[in-house]
J.: 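Take this structure, written in structure tokens, and hold onto it; I'll ask about it next.
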Amino acid sequence: MTDFLETKEGRRIAYDRTTGRGPGVVFLGGFRSDKEGTKALALEAWAQAAGRAFLRFDYSGHGQSSGDFLDGAIGDWFADARAAILALTEGPQVLVGSSMGGWISLLMAREHPEKVAGLVTVAAAPDFTEDGMWGGFSEEQRRALMVEGQVALPSDYSDEPYIITRRLIEEGRLRLVLRSPLSLPMPVRMLQGTADADVPVSVALRLLDHAEGPDMRLTLVKGADHRFSTPDCLKLIELSVAKVLQRTL
């Protein structure tokens, strides 16, 4: 059943929470995704079957949460995630971050390592506003963004284009994780498809090379795309969470 958390910024964050034993599992969705996605629901069912505490939520401007998507930026969505994790979970959690949620889970691990028992990333997209968007814009797109405040990009997931705002790009530069040391002292499992057209394998390799930690592994799945939602991919996510949980004992 969906409930709502009021944050100190005045945002209403929609969430679904399952009680169970810890460490709990928290799912962090991607850019323009919501808590009703295939991966979130599959992982919730797995957690319920295992008697494990579980939380899924919508960032502001996403799903059932308050706010306009175009007003948001990485820092806002990180603040939403932090508020939900700190207020709605007990003890350290295993964070499962999909795409942008992978970036936000890394921010959480950097800022609040005491709340992160382990990490599982799925097609993690750290620093994508800078490297994937700004870095890939033409000079014309960059000019339009700076002058008009936004630019429209075609989407493979919707008939409507992605509207990218100047604030999203500029605020994202304050949240980059691949430009300075990134310590991940908890068990980390990274999952990445080789047919991902949104986040190339090179991003996963860069993250693996950049981060420092005693227990980090990257699994590449040949032919898997960015959705990473086939039955086999969902099973791999569940297995990775289970392995990380074992490492926390």
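Hydrogens, waters and symmetry mates play no part in the numbers below; they use all other heavy atoms, side chains included.
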J.: Identify the two heavy atoms, one from M216 and one from A211, that lie closest to each other, and give their separation to 0.1 Å.
T.: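 Here M216 and A211 meet closest at CE-CB, 3.5 Å.
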J.: Going from CZ on R167 to CD on Q150, what distance comes out if it is rounded to the nearest 0.5 angstrom?
T.: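 The CZ atom of R167 sits 14.0 Å away from the CD atom of Q150.
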J.: Decide whether L239 and L218 are clustered together by the hydrophobic rule: side chain heavy atoms of Ile, Leu, Val, Met, Phe, Trp, Tyr closer than 4.5 Å, transitively.
T.: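 As far as the 4.5 Å side-chain criterion goes, L218 and L239 are not connected within one cluster.
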J.: How close do M186 and A109 get, counting heavy atoms only, and between which atoms?
T.: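 Heavy atoms of M186 and A109 come nearest at CE-CB, 4.1 Å.
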J.: If only atom types and distance count, is the side chain of Y59 paired as donor or acceptor with the main-chain N or O of F69 below 3.5 Å?
T.: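 Pair absent, no side-chain N/O of Y59 close to backbone of F69.
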J.: Answer yes or no for R173 and W134: cation-pi contact, defined as NZ/CZ to six-membered ring centre under 6.0 Å and angle to ring axis within 45°.
T.: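 Judged by the rule (NZ or CZ under 6.0 Å from the ring centre, within 45° of its axis), R173 counts as positioned above W134.
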J.: Please answer whether the main-chain N or O of M146 pairs with a side-chain N or O of R166 as donor and acceptor at a distance below 3.5 Å.
T.: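 A pair under 3.5 Å: yes.
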J.: Determine, for D127 against R179, whether the closest basic-nitrogen to carboxylate-oxygen distance falls under 4.0 angstrom.
T.: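 Between R179 and D127 there is a salt bridge, with a charged N closer than 4.0 Å to a carboxylate O.
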J.: Determine whether a donor-acceptor pair (N or O, by modelled atom type, separation under 3.5 Å) exists between the side chain of H226 and the backbone of G193.
T.: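 Checked: no pair found.
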J.: Treating S99 as the side-chain partner and G101 as the backbone partner, does any N or O pair qualify as donor plus acceptor under 3.5 Å?
T.: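 Such a contact is absent between S99 side chain and G101 backbone.
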J.: Hydrophobic clustering (ILVMFWY, side-chain heavy atoms < 4.5 Å, transitive) - are L106 and L208 grouped together?
T.: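 Yes, it is one cluster - the side chains of L208 and L106 are joined through contacts under 4.5 Å.
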J.: Nearest 0.5 Å, please: how far is CG in L234 from CZ in R227?
T.: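 Between atom CZ of R227 and atom CG of L234 there are 13.0 Å.
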J.: Quick one: do D131 and R206 make a salt bridge, cutoff under 4.0 Å?
T.: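 Answer for the salt bridge query: yes.
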J.: Any donor-acceptor pair under 3.5 Å linking the side chain of T121 with the backbone of A124?
T.: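 No; judged by distance alone, with no hydrogens or angles, the pair does not exist.
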J.: Tell me whether D16 contacts the main-chain N or O of K35 through its side chain, where contact means a donor paired with an acceptor under 3.5 Å.
T.: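 Not a single qualifying donor-acceptor pair exists.
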J.: Under 3.5 Å, is there a donor-acceptor pair between the side chain of K115 and the main chain of G91?
T.: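 Answer holds: yes.
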J.: A quick test of your reading: do over 12 heavy atoms of other residues, nucleotides or ligands sit less than 6.0 Å from CD of E114?
T.: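 More than 12 within 6.0 Å, yes.
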J.: Given 3.5 Å as the limit, does a donor-acceptor pair link the side chain of R56 with the main chain of Y15, or not?
T.: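 Side chain of R56 to backbone of Y15: no pair is present.
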J.: Testing the basics here: between A14 and Q64, what is the closest heavy-atom pair and its distance to 0.1 Å?
T.: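 It is CB-CB, 3.7 Å.
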J.: Given salt bridge (charged side-chain N to carboxylate O under 4.0 Å, His left out), test R189 with D215 step by step and report yes or no.
T.: CA-CA 8 Å; R189 298 295 179 269; D215 186 7; 3.1 Å; yes
J.: Do V221 and L207 belong to the same hydrophobic cluster, where Ile, Leu, Val, Met, Phe, Trp and Tyr are linked whenever their side-chain heavy atoms lie under 4.5 Å apart, directly or via other members?
T.: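 V221 and L207: separate clusters.
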J.: Can you tell me how far OG of S65 sits from CD1 of I13, rounded to the nearest 0.5 angstrom?
T.: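 So the CD1 of I13 and the OG of S65 are separated by 4.0 Å.
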J.: Rounded to the nearest 0.5 Å, what's the gap from CG on D58 to OG1 on T2? Could you check?
T.: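 One finds 8.0 Å between CG of D58 and OG1 of T2.
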J.: Nearest 0.5 angstrom please: L153 CG to I163 CD1, how far?
T.: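 That separation rounds to 8.0 Å.
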J.: Between D3 and R17, does the salt bridge (charged side-chain N to carboxylate O under 4.0 Å, His left out) criterion hold? Intermediate values first, please.
T.: CA-CA 8 Å; D3 290 308; R17 177 171 55 174; 5.8 Å; no
J.: Report yes or no: do L119 and V122 belong to one cluster of Ile/Leu/Val/Met/Phe/Trp/Tyr joined by side chain heavy-atom distances under 4.5 Å?
T.: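 Unlinked, L119 and V122 end up in two clusters.
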J.: Membership question, hydrophobic clusters at under 4.5 Å side-chain separation (ILVMFWY): are I74 and F57 in the same one?
T.: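 As far as the 4.5 Å side-chain criterion goes, I74 and F57 are connected within one cluster.
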J.: Within this structure, what is the CD1-CZ distance for the pair I104 and F78, rounded to the nearest 0.5 Å?
T.: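 Rounded to the nearest 0.5 Å, the CD1-CZ separation comes to 8.5 Å.
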J.: Test your reading of the model: is there a side-chain donor-acceptor pair from E212 to the backbone of P181, 3.5 Å cut-off?
T.: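 Such a contact is absent between E212 side chain and P181 backbone.
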J.: Which heavy atom in P23 sits nearest to a heavy atom in P92, and how many Å separate them?
T.: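 Residues P23 and P92, closest heavy atoms: CB-O, 3.4 Å.
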J.: Say whether E9 and T7, considering side chains only, have a donor N or O and an acceptor N or O under 3.5 Å apart.
T.: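 E9 vs T7: donor-acceptor pair found between side chains.
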J.: Mind running ring pair (Phe, Tyr, Trp, His ring centres under 6.0 Å) on F31 and F128 for me, showing each step along the way?
T.: CA-CA 10 Å; F31 188 67; F128 76 88; 5.5 Å; yes
J.: Kindly give the heavy-atom pair with the smallest separation between G72 and L168, and that separation in Å.
T.: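 Looking at all heavy atoms of both residues, the closest pair is O-CD1, 4.2 Å.
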J.: So, for A79 and R11, which heavy atoms are closest and what is the spacing to 0.1 Å?
T.: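 Here A79 and R11 meet closest at CB-NH2, 3.8 Å.
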J.: Please check this pair: side chain of R12 against backbone of L5, looking for a donor-acceptor N/O pair closer than 3.5 Å.
T.: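 Judged by distance alone, no pair lies under 3.5 Å.
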